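No experiment lies behind these values; they were computed from the predicted model shown. Order of listing sets the numbers, starting from 1, for every ligand and every atom in it.
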Amino acid sequence: MISQLPKQYQYLQADIDELNELLHKLFLATDQTVQTPIINLLHAGGKRIRPLLCIICSRCSPNRSNEVLIIAAVLEMIHMASIIHDDVIDHAVLRRGEPTVHYTYNPQIAIQVGDYLFSYALEIATQLEDKTIHRRLATTLTWLVKGELAQLNTRYQIDQSVKNYFMKIRNKTARLIATCCEVGAKLNQAPPSLQNQLANFGYYLGMSYQIKDDLLDFSDYHQTGKDSKTDLLEGYLTLPTLLALSDKTIYNQVHKLFNQGSSRAGSDDREIIHLIKQSGAIEQANQVSHWYLMRALKVGRSLPDFPEKPLLLQMAAGLAKRTH
Ligand code: FPP
Ligand code: MG
């Protein structure tokens with residue numbers, strides 16, 4: 001994400017390098033079958049948003065626990081496991097600009113790689129002393145799966161509320177980002193009120209981030225390094241489409257598409273996407289993402305000062321404006 005750290009934050013580069021080295025070292029210790037796909041996914045890039053947020057937020061306190069990098073690596077591993085599984089569910093062909101694990105190998109291997117990475121992450125997490133961190137991780141993961149399950153259970157359903165959409169993205173994305181912001185601070189013994197503030201910041205940022213992600217699905221794939229225009233075609237209603245459904249023509253077209261389910265012919269795809277883009281719903285969804293960003297920045301600005309606070313705010317603003 002932060003491709004180039006501003007000059008005054010160059011010292012954080014050592015942490016980022018150490019994080020990447022730690023991940024690489026951990027992955028070299030995995031079984032042969034899973035090692036290549038995991039290392040390929042690591043090297044394909046990725047913005048490392050979750051571990052970076054954890055590292056930056058941990059600096060809200062003057063204490064320096066050497067467990068911060070461990071939890072940061074665990075958070076990235078959990079994220080990697082979840083996207084490997086997600087790409088199987090979504091039949092996605094591209095991730096981080098490279099062919100997905102299930103596409104390169106097969107879905108069975110991809111599920112095993114995801115399971116391996118997930119359980120390995122939890123094994124690494126046992127190195128952390130603080131039991132409350134284990135509890136926070138466990139609840140976050142339960143919510144993550146609940147969010148993904150709710151998404152699957154409402155697949156090809158046209159009559160869904162915006163409230164329901166918010167609930168799903170809160171669980172599958174925002175809670176994990178909130179946890180990333182909270183746990184680094186917790187490890188460095190920041191006061192509980194500050195941990196809560198950071199969790200709130202992460203929650204609002206996560207909501208803004210997922211809405212932006214859903215908006216980027218309407219853009220071209222070469223921008224994002226993943227498949228585009230697949231949410232709707234795979235039967236998932238995200239905010240832009242949900243808002244566009246107030247237009248009768250769009251509603252009827254989406255209704256027809258969802259009725260065909262996975263057996264659809266594909267001929268009307270371009271037209272529906274075009275209609276949604278023309279409807280003003282993209283701009284409206286952007287405004288909602290922006291609203292959440294403003295809430296995140298408001299909480300962020302109210303944090304007590306620490307040297308990395310401006311970087312945190314800058315990163316949040318950058319994430320909301322991202323094009324990939
Ligand atoms: C990406 O969403 C996916 C997630 C945010 C979570 C996926 C979670 C699971 C599959 C269950 C958890 C599994 C484990 C092993 C922890 P998206 O499809 O909206 O975004 P995308 O455009 O990046 O695919
Ligand atoms: Mg997906």
Distance-only N or O hit between ligand 1 and Gln151, under 3.5 Å: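 No, Gln151 has no N/O under 3.5 Å of an N/O on ligand 1.
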Min N/O separation Asp213 to ligand 1 under 3.5 Å: yes
Identify, by atom number and element, the atoms of ligand 1 in contact range of [X], meaning under 4.0 Å from any of its heavy atoms.
{"X": "Thr173", "result": "5 (C)"}
{"X": "Asp90", "result": "18 (O), 24 (O)"}
{"X": "His85", "result": "10 (C), 13 (C), 15 (C)"}

Classify the contact between [X] and ligand 1 as side chain, backbone, both or neither, using a heavy-atom distance cut-off of under 4.0 Å.
{"X": "Ile83", "value": "neither"}
{"X": "Glu148", "value": "side chain"}
{"X": "Leu117", "value": "neither"}
{"X": "Asp86", "value": "both"}

Tell me whether the guanidinium CZ or amine NZ of Arg322 lies under 6.0 angstrom from the six-membered ring centre of Tyr209 and within 45° of its axis. yes
Could you tell me whether Lys248 sits above the aromatic face of Tyr251, with NZ or CZ closer than 6.0 angstrom to the six-membered ring centre and within 45 degrees of the axis? yes
Residues 175-190, side-chain donor-acceptor partners within the protein, below 3.5 Å, at least two apart:
{"from": "Arg175", "atom 1": "NE", "to": "Asn171", "atom 2": "OD1", "distance (Å)": "2.8"}
{"from": "Thr179", "atom 1": "OG1", "to": "Thr140", "atom 2": "OG1", "distance (Å)": "2.7"}
{"from": "Thr179", "atom 1": "OG1", "to": "Arg175", "atom 2": "O", "distance (Å)": "3.0"}
{"from": "Glu182", "atom 1": "OE1", "to": "Arg136", "atom 2": "NE", "distance (Å)": "2.8"}
{"from": "Glu182", "atom 1": "OE2", "to": "Arg136", "atom 2": "NE", "distance (Å)": "3.4"}
{"from": "Glu182", "atom 1": "OE2", "to": "Arg136", "atom 2": "NH2", "distance (Å)": "3.4"}
{"from": "Lys186", "atom 1": "NZ", "to": "Gln195", "atom 2": "OE1", "distance (Å)": "3.4"}
{"from": "Asn188", "atom 1": "OD1", "to": "Ser65", "atom 2": "N", "distance (Å)": "2.5"}
{"from": "Asn188", "atom 1": "ND2", "to": "Ser58", "atom 2": "O", "distance (Å)": "2.8"}
{"from": "Asn188", "atom 1": "ND2", "to": "Asn63", "atom 2": "O", "distance (Å)": "3.1"}

The test is side-chain contact (heavy atoms from CB on, under 4.5 Å); show your working for Val88 and Ile111 and say whether it passes. CA-CA 8 Å; Val88 177; Ile111 300 291; 4.1 Å; yes
If hydrogens are left out, which of Ala92, Gly206, Ser82 has an atom nearest to atom 8 (C) of ligand 1, that is, the closest non-hydrogen atom? Ser82
Compare all side-chain heavy atoms of Leu232 with those of Ile276 and state whether any distance is below 4.5 angstrom.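 They are in side-chain contact.
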Non-hydrogen atoms of Gln210 versus ligand 1: any pair closer than 4.0 Å?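 For ligand 1, residue contact (heavy atoms, under 4.0 Å) with Gln210 is present.
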Under a heavy-atom criterion of less than 4.0 Å, does Arg95 contact ligand 1?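 Per 4.0 Å heavy-atom rule, Arg95 contacts ligand 1.
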Would you indicate whether Lys146, at its atom NZ, is surrounded by more than 12 heavy atoms from other residues, nucleotides or ligands within a distance under 6.0 Å? no
Tell me whether the rings of His24 and His43 are parallel (<30°), tilted (30 to 60°) or perpendicular (>60°). parallel
Salt bridge or not for [X] and [Y], using N-O below 4.0 Å?
{"X": "Glu76", "Y": "Arg50", "result": "no"}
{"X": "Arg95", "Y": "Asp90", "result": "no"}
{"X": "Glu234", "Y": "Arg155", "result": "yes"}

Quick one: CG on Leu257 to CD on Glu271, what's the gap to the nearest 0.5 Å?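 It is 11.5 Å, given to the nearest 0.5 Å.
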Which residue holds the protein heavy atom closest to atom 21 (P) of ligand 1, what is that atom called, and what is the gap in Å? Lys226 NZ, 3.4 Å
Got the closest protein heavy atom to atom 2 (O) of ligand 1, with its distance? Lys172 NZ, 3.4 Å
Looking only at heavy atoms, the pair that brings Leu233 and Tyr156 closest together is O-OH, 4.2 Å
Identify the two heavy atoms, one from Leu237 and one from Thr241, that lie closest to each other, and give their separation to 0.1 Å.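 The pair with the smallest heavy-atom distance is CD2-CG2, 3.6 Å.
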One checks the Mg ion (ligand 2) and counts protein N, O or S atoms under 2.8 Å, reaching 2
